[in-house]
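Contents: one structure, followed by commentary.
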Amino acid sequence: MKQKYSVKGMTCSACENHVHNSVAKIPGVDNVEVNLLTNSMTVEFDETKVNDAMIFKAVSDGGYQASNFDDTLIDNDDLKDLKKQLIYCFIALGLLMYVSMSSMFNYPIPSIVRENPYVNIALQIIFLIPIVIIKRNYYINGFKNLFHLDPTMDSLIALGAGASIVYSFYSLFLALTGVMDTAHLVHNVYFESAGMIVTLISFGKYLEAKSKKKTTDAISKLLELAPEVARRIVDGKEEIVKISELKINDQVLVKANETIPVDGKIVQGFSSVDESMITGESLPVEKEVDSLVIGGTNNLQGSFIYQVTKTVEDSTLAKIIELVEEASSSKAPMTRTIDKVVKYFVPGVILISLITFVGWLIAGMGLNFAITSAIAVLVISCPCALGLATPVAIMVATGVGASNGILIKSAEVLENENTVDVVVFDKTGTLTKGMAQVSDIYSDCLSNSEVIKIIASLEKGSSHVLANAFIEKANLMQLELKETTEFKSLSGLGIQGKIDDQEYLVGNLRMIKEANLDLSNYQEKVDDYLNQGKTLVFLAQKDRVIGLVSIFDDIKETSRQAIERLKEMNIKTVMLTGDLKGTAQAINKKLGLDEVIAEVLPQDKENVIKKLQEDGNHVLMVGDGINDAPALVRSDVGVAIGKGNDIAIDAADVILMKDDIRDIVSSLELSKRTIKNIKENLFWAFIYNVIGIPIAAGVFYLSFGIRLDAMIGSLCMSLSSVCVVSNALRLKRFKPYYLKENKKMKKEIKIEGMMCQHCQKHVLDALNGLPETSAIVDLENNMATVETIQDDQTLTSAVEKAGYKVVGIKNV
């Protein structure tokens with residue numbers, strides 16, 4: 001089974017590795033993923049051999065605390081506790097520094113403290129004790145992990161601060177025994193350094209925790225979307241229940257301005273729903289009977305009753321949260337490499353510190369110089385900056401992607417997207433609208449209505465994307481469909497079945513050719529329809545063709561924009577379709593892809609992807625159908641349209657919640673930005689340590705007189721992690737290119753139908769609800785003035801969905 005836990009006490013990547021190793025050693029544990037950012041751990045184990053208590057004990061033995069997972073990623077109470085502890089530490093440190101510096105500066109202090117070194121030191125110890133007690137976990141965990149030969153950042157702090165304290169007591173002992181002159185005693189104790197090291201590092205950890213909380217904002221906001229209660233309708237009466245109590249087929253009432261509790265289908269009423277927080281779609285979506293609604297979205301106006309189709313655990317929102325959490329806690333290959341470095345980093349720093357200590361003793365610089373240099377090495381080194389470089393960027397990126405309707409399933413996917421050089425598109429439902437309509441009907445022996453009646457009757461049992469086109473056409477022509485027997489689907493070809501004991505075939509040109517049927521009476525129409533880019537569907541009996549229907553599926557308005565952008569990024573674009581070459585080429589005249597691969601059977605799509613990979617390409621495949629699933633799995637990155645088939649979505653690495661393939665470009669650009677951010681983080685983390693450690697060790701002291709004080713080193717150590725997290729937070733500014741590039745324009749919209757101030761408010765709310773749009777509505781002149789990045793079609797749609805008519809738009 002797979003179980004998630006909360007883990008407290010981790011401060012660096014070495015801690016993360018320590019927790020991982022502690023749990024991974026338990027017999028029966030198959031896999032462990034520990035996430036420092038979310039303070040969580042996911043464990044896969046055999047429940048017959050392992051239980052929660054064993055996992056809790058393993059974590060506890062390592063010096064940390066594990067508990068059942070809660071949704072609080074970085075607890076506000078924890079932040080408050082950190083802040084309170086920090087205030088106490090700074091108060092104690094202020095008093096400690098005031099006393100320790102009294103011999104150097106002439107400020108008010110009792111003469112006995114200034115003149116008597118033993119009183120001075122006694123007070124320093126008294127003021128240091130609260131700091132040591134408040135931050136005792138640094139010492140407890142640090143030395144415990146050191147004794148287990150698995151040192152962490154806490155070990156470096158414990159050694160550095162501990163060495164300062166031990167050396168100070170050693171100096172005090174020398175003075176008490178007469179070996180050291182008491183006049184030099186105050187200058188040979190480092191109690192203030194020990195207090196300063198711990199307090200400054202704690203200050204850095206507090207800033208880091210605050211910054212890390214910002215990286216989890218996307219998940220936190222998702223968690224807050226679902227309401228706590230719902231209005232369940234039982235026997236016509238309304239009752240308030242927790243959403244966890246809702247079951248499939250329960251009926252739920254949703255009123256205006258309320259949040260929809262869980263997924264379902266409307267059975268009564270109509271409304272418009274804001275789905276932007278789930279899909280990223282800016283415009284409200286109209287809902288009526290039989291429309292599907294998503295839990296966590298907002299009902300804007302009107303009330304409706306809907307039937308629950310998914311429980312809270314299986315809802316769309318729950319799956320999105322799960323995907324984002326898994327993606328943010330997963331590790332890319334780059335991260336695993338860094339983890340190996342961090343594993344040896346802390347022991348390496350301890351070794352360098354020992355070499356520094358021994359080296360300066362041998363060089364004759366004295367015990368004081370040697371120990372302060374060794375302490376400086378311990379406290380300036382920063383495994384945290386290295387360990388956080390990748391995961392913070394991954395978490396911010398996946399969160400930003402989710403807020404824009406782009407769900408990225410893992411960190412590895414983000415890394416893989418960065419290398420993509422070929423994008424392969426399925427045609428139907430991806431490049432085209434996927435809403436096929438019957439365009440032309442022709443037969444040399446049947447009427448148009450007879451052709452449609454037969455095909456629609458057969459297509460009733462089909463799951464093919466074109467089936468609805470025939471059924472809708474039959475409804476429009478008010479035809480009564482007939483019962484079909486012996487129905488059979490012919491993969492990649494069509495369908496067959498019997499109506500009134502007469503066997504019929506419905507399918508594509510390949511099916512007709514394989515059946516060796518004569519097409520001479522239809523060839524002229526076939527050529528004509530193909531030249532127009534239309535899809536052909538034939539109706540045949542066993543021995544002859546008896547009908548031809550053309551289907552037209554127009555391209556999406558955003559398809560060409562996406563392809564042009566990909567070309568600007570030097571990415572090759574390919575259309576992969578089962579349609580005829582003529583149809584595919586006709587569609588491509590409008591799109592301008594680099595290559596078209598047509599007449600490909602579903603089972604062969606995977607082979608096409610494999611061939612492209614064998615040619616040295618990194619392939620991203622976009623699809624939305626069941627037949628795309630093998631190709632999506634085979635590709636380096638598989639992308640599914642969110643409104644597509646569940647199997648395709650399960651097979652994909654990236655899910656686009658909006659039906660907008662421009663988000664493929666956005667996903668690739670987000671990947672490139674993320675990898676660049678990670679490299680920046682790693683560069684600064686490595687450079688910081690490469691420069692800081694030698695300076696702290698005194699490498700440049702003899703030549704240039706450059707030496708680093710331990711207190712400055714501890715401050716640098718504290719701020720290095722904050723810098724890495726802050727750099728990663730810059731990714732939160734990411735916007736899809738098509739929003740970022742649009743410049744605001746001023747437009748005047750002429751509107752019909754506004755009668756009163758309520759009408760004025762409806763239009764105002766509809767327009768101001770669009771991203772980056774501000775509107776003023778003039779009721780007297782039936783006009784709205786807007787400043788917006790939106791196009792005319794989006795503005796028109798927003799006004800018409802509010803119930804009014806747009807009669808003209810002009811730029812001003």
Side-chain angles (χ1 to χ4, degrees), residues 9 11-12 14-15 18 62-64 85 88-89 92-93 96-97 100 121-122 124-175 185 187-205 345-358 360-361 366-384 693 696-697 708-718:
T11 56
C12 69
C15 298
H18 188 76
Y64 308 92
Q85 291 175 10
Y88 292 150
C89 285
L93 178 64
L96 173 58
M97 295 299 293
S100 66
I121 291 170
Q124 288 189 44
I125 295 170
I126 290 169
F127 294 137
L128 175 64
I129 288 172
I131 299 174
V132 174
I133 293 173
I134 290 170
K135 292 298 176 183
R136 60 189 176 278
N137 281 341
Y138 281 139
Y139 299 96
I140 295 169
N141 294 337
F143 286 119
K144 183 187 285 187
N145 293 332
L146 187 63
F147 293 145
H148 288 156
L149 301 180
D150 195 3
T152 64
M153 190 200 77
D154 287 354
S155 303
L156 297 180
I157 298 168
L159 283 171
S164 297
I165 295 170
V166 170
Y167 180 73
S168 297
F169 276 112
Y170 173 69
S171 297
L172 181 60
F173 172 75
L174 293 179
L185 177 59
H187 301 291
N188 278 278
V189 294
Y190 293 96
F191 292 117
E192 82 284 359
S193 293
M196 182 73 80
I197 288 168
V198 172
T199 303
L200 287 179
I201 286 171
S202 298
F203 175 62
K205 283 293 161 191
F345 182 84
V346 176
V349 168
I350 294 172
L351 181 61
I352 293 170
S353 179
L354 287 172
I355 292 170
T356 300
F357 177 72
V358 174
W360 285 122
L361 281 179
L367 181 62
N368 186 307
F369 189 95
I371 199 163
T372 53
S373 298
I375 290 168
V377 169
L378 290 171
V379 298
I380 197 173
S381 57
C382 191
C384 286
I693 291 175
L708 195 68
D709 185 88
M711 288 185 281
I712 296 173
S714 62
L715 182 62
C716 294
M717 180 187 192
S718 300

> For the side chain of Thr356 and the backbone of Ser373, is there at least one donor-acceptor N/O pair under 3.5 Å apart?
Replying inline: no
> Hey, is the main chain of Leu96 close enough, under 3.5 Å, to the side chain of Ser100 for a donor-acceptor pair?
Replying inline: yes
> Which atom pair, heavy atoms only, marks the closest approach of Ala163 to Ile371?
Replying inline: O-CD1, 4.1 Å
> If you round to the nearest 0.5 Å, how far is OG1 of Thr372 from CH2 of Trp360?
Replying inline: 10.5 Å
> Can you tell me how far CG of Leu378 sits from CD1 of Ile693, rounded to the nearest 0.5 angstrom?
Replying inline: 9.5 Å
>> So Ile131 and Leu93, do their side chains get closer than 4.5 Å, heavy atoms only?
In response: yes
>> Are Phe169 and Ile125 packed together at the side-chain level, in the sense that at least one heavy-atom pair is separated by less than 4.5 angstrom?
In response: yes
> More than 12 foreign heavy atoms under 6.0 Å from OH of Tyr88: is that the case here?
Replying inline: no
> Between CD of Gln124 and CG of Leu172, what distance do you get to the nearest 0.5 Å?
Replying inline: 10.5 Å
> How close do Ser164 and Ser168 get, heavy atom to heavy atom, and via which atoms?
Replying inline: O-OG, 2.7 Å
> Just how far is it from atom CD1 of Ile121 to atom CG of Leu128, taken to the nearest 0.5 Å?
Replying inline: 12.5 Å
> Closest heavy-atom contact between Ala161 and Tyr139?
Replying inline: CB-OH, 3.4 Å
>> Using every non-hydrogen atom in the two residues, find where Ile134 and Cys89 come nearest and quote the distance to one decimal.
In response: CG2-SG, 3.9 Å
>> Counting C-beta onward and ignoring hydrogens, is there a side-chain heavy-atom pair between Ile375 and Leu159 closer than 4.5 Å?
In response: no
>> Quick check for you: to the nearest 0.5 Å, what is the distance between Glu192 atom CD and Thr199 atom OG1?
In response: 12.0 Å
>> Less than 4.5 Å apart, side chain to side chain, heavy atoms only: is that true for Leu367 and Tyr170?
In response: yes
>> I'd like to know if the side chain of Ser155 reaches the main chain of Gly142, judged simply by a donor and an acceptor atom lying under 3.5 Å from each other, with no hydrogens or angles considered.
In response: yes
>> With rounding to the nearest 0.5 angstrom, report the CG to OG distance, Asn368 to Ser171.
In response: 7.0 Å
> Centroid-to-centroid, Phe191 to Tyr167, below 6.0 Å?
Replying inline: no
> Within a strict 4.5 Å, meaning less than it, do heavy atoms of the Tyr138 and Ser202 side chains meet?
Replying inline: yes
> Closest heavy-atom contact between Ser353 and Ala374?
Replying inline: OG-O, 2.9 Å
